[in-house]
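Let me begin by presenting the structure, written as structure tokens, before commenting on it.
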Protein chains: 2
Amino acid sequence: MKELEILNVYLAENGLNRTVQRESILNEFLSTERHVTAQELAELVRGRHPNLGYVTVFRALKLFAEAGLAAATDFGDGTLRYEHCYAHTHHDHLICGVCGKTVEFCSHEIERLQEELSRKHGFQLVGHRMELFGKCPDCAGKEQARKTIVAVRRRPGRGKDRL
Amino acid sequence: MKELEILNVYLAENGLNRTVQRESILNEFLSTERHVTAQELAELVRGRHPNLGYVTVFRALKLFAEAGLAAATDFGDGTLRYEHCYAHTHHDHLICGVCGKTVEFCSHEIERLQEELSRKHGFQLVGHRMELFGKCPDCAGKEQARKTIVAVRRRPGRGKDRL
DNA sequence: TTCCGTGCAAATGGTTTGCATTCCT
DNA sequence: AGGAATGCAAACCATTTGCACGGAA
């Protein structure tokens with residue numbers, strides 16, 4: 001079963017309609033391998049469908065996420081980035097704070113420890129979010145040591161200087 | 001050296017001024033043990049200083065963070081929550097998705113694995129963010145199994161239905 | 001007496017909603 | 001036909017900025 005089919009099943013099950021827009025958005029979404037924002041995807045889609053509105057893309061991404069086709073993450077700059085996740089295994093992200101490159105990884109060991117920790121506190125673990133911030137090999141090469149300040153401590157707002 | 005002193009040193013070092021407002025905000029901030037948003041803290045402060053503006057609190061919290069007195073985290077609802085972190089050790093959060101209760105924890109083992117993972121990808125680790133979402137003992141007791149849906153998969157926007 | 005801080009109001013920007021129109025079924 | 005989807009504009013809301021005034025150094 002592939003993505004379009006999944007979507008259609010989800011739509012049918014929930015009494016929602018199939019539309020050209022949703023199909024186009026899904027195609028465009030599936031054909032990018034990056035983490036896209038709604039804005040970015042909307043621009044991509046508009047390449048083929050100039051009058052497809054931003055809001056529609058936004059709503060579609062949310063829908064995809066509900067259907068289990070997309071996963072949203074907020075890397076800390078206040079905007080949601082979506083990646084397609086159907087038939088992908090769970091993973092977390094390693095993010096370069098300089099150039100923004102992301103690497104996906106998965107550590108069963110860490111997940112086991114998280115589970116263990118939750119249990120220790122009586123929590124029933126439902127999900128987690130983990131992002132490692134650092135400098136990628138390229139950027140570490142270019143940039144010499146400066147103040148190595150803290151992506152996590154300084155978590156700026158939604159404004160211009162964010163990230 | 002305690003917090004007020006740290007702040008004053010930071011202000012002096014950076015050519016900034018000491019003000020009554022900043023001191024009041026710091027006091028109020030230190031006297032709460034929760035993770036406060038700027039809004040919440042502003043309301044607390046206004047108890048004593050009715051004409052102290054929200055923006056000032058906002059700016060003060062940012063300042064505190066720069067001075068190393070506060071740490072900001074975004075639990076995923078798009079609003080920054082500050083906690084005081086001077087002379088506190090680093091920790092991550094375990095968050096109950098039902099009642100919002102948070103537990104702080106620290107796992108050296110996980111941190112070691114994160115370090116190791118980053119190195120494996122050639123990254124120079126600068127910081128991380130990790131939140132575990134689950135159901136706390138109390139809420140797990142009250143609520144019976146329903147759809148155990150994913151705080152991470154479904155990451156809603158900044159609007160009304162968020163969280 | 002020169003910046004800095006404050007506080008209001010207005011701007012920003014991602015996200016969401018209202019609503020009239022158009023589309024699926 | 002009847003509910004759903006679309007698309008525009010307008011609303012929302014946390015955050016940020018502009019600016020005039022009062023305050024610290």
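Model, not experiment: these values are computed from the prediction.
- Here the nucleotide nearest the side chain of A:Thr56, chosen from D:dA14, D:dT6, C:dG7, is D:dT6.
- No side-chain N or O of B:Asn17 forms a donor-acceptor pair with one of B:Thr19 less than 3.5 Å apart.
- The side chain of A:Val55 approaches D:dA9 more closely than any other nucleotide in the set C:dT15, D:dA14, D:dA9.
- One interatomic measurement links the two molecules: CG of A:Asp77 to C1' of D:dT15, which rounds to 14 Å at whole-angstrom precision.
- The aromatic ring centroids of B:His35 and B:Phe75 lie less than 6.0 Å from each other.
- With distances taken from any side-chain atom of B:Asn17 to the nucleotides D:dT15, D:dA24, D:dA9, the minimum falls on D:dA24.
- The CG atom of A:Asn14 sits 16 Å away from the C1' atom of C:dC24 (whole-angstrom rounding).
- If you take CG of A:Leu16 and P of C:dT25, they are 11 Å apart, rounded to a whole angstrom.
- Position along DNA chain D of the nearest nucleotide to A:Val57 versus B:Arg18 favours A:Val57 as the more 5'-ward residue.
- Between B:Thr79 and D:dT15 there is no side-chain polar atom (N or O) within less than 4.0 angstrom of OP1 or OP2.
- Of all nucleotides listed (D:dA5, C:dG5, D:dA14), D:dA14 comes nearest to the side chain of B:Tyr54.
- Of the candidates D:dT15, C:dG14, D:dA5, the closest approach to any side-chain atom of A:Gln39 belongs to C:dG14.
- The side chain of A:Arg59 lies closest to D:dG7, out of D:dG7, C:dG14, C:dG7.
- The side-chain hydrogen bond (donor to acceptor under 3.5 Å, both in side chains) search around B:Glu23 returns none, not counting sequence neighbours.
- Taking atom NE2 on B:His49 and atom P on C:dT6, their separation rounds to 12 Å, with Å as the unit.
- Side-chain atoms of B:Gln21 lie closest to C:dT6 of the nucleotides D:dA5, D:dT15, C:dT6.
- Side-chain contact between A:Met130 and B:Gln114: present, with at least one pair of heavy atoms (C-beta onward) separated by less than 4.5 Å.
- Residues passing the ring pair (Phe, Tyr, Trp, His ring centres under 6.0 Å) test with B:His49: none are found, sequence neighbours excluded.
- Atom CG in A:Leu52 sits about 8 Å away from atom P in D:dT6, given to the nearest Å.
- Counting to the nearest Å, the C1' atom of C:dT22 and the CZ atom of A:Arg22 are 14 Å from each other.
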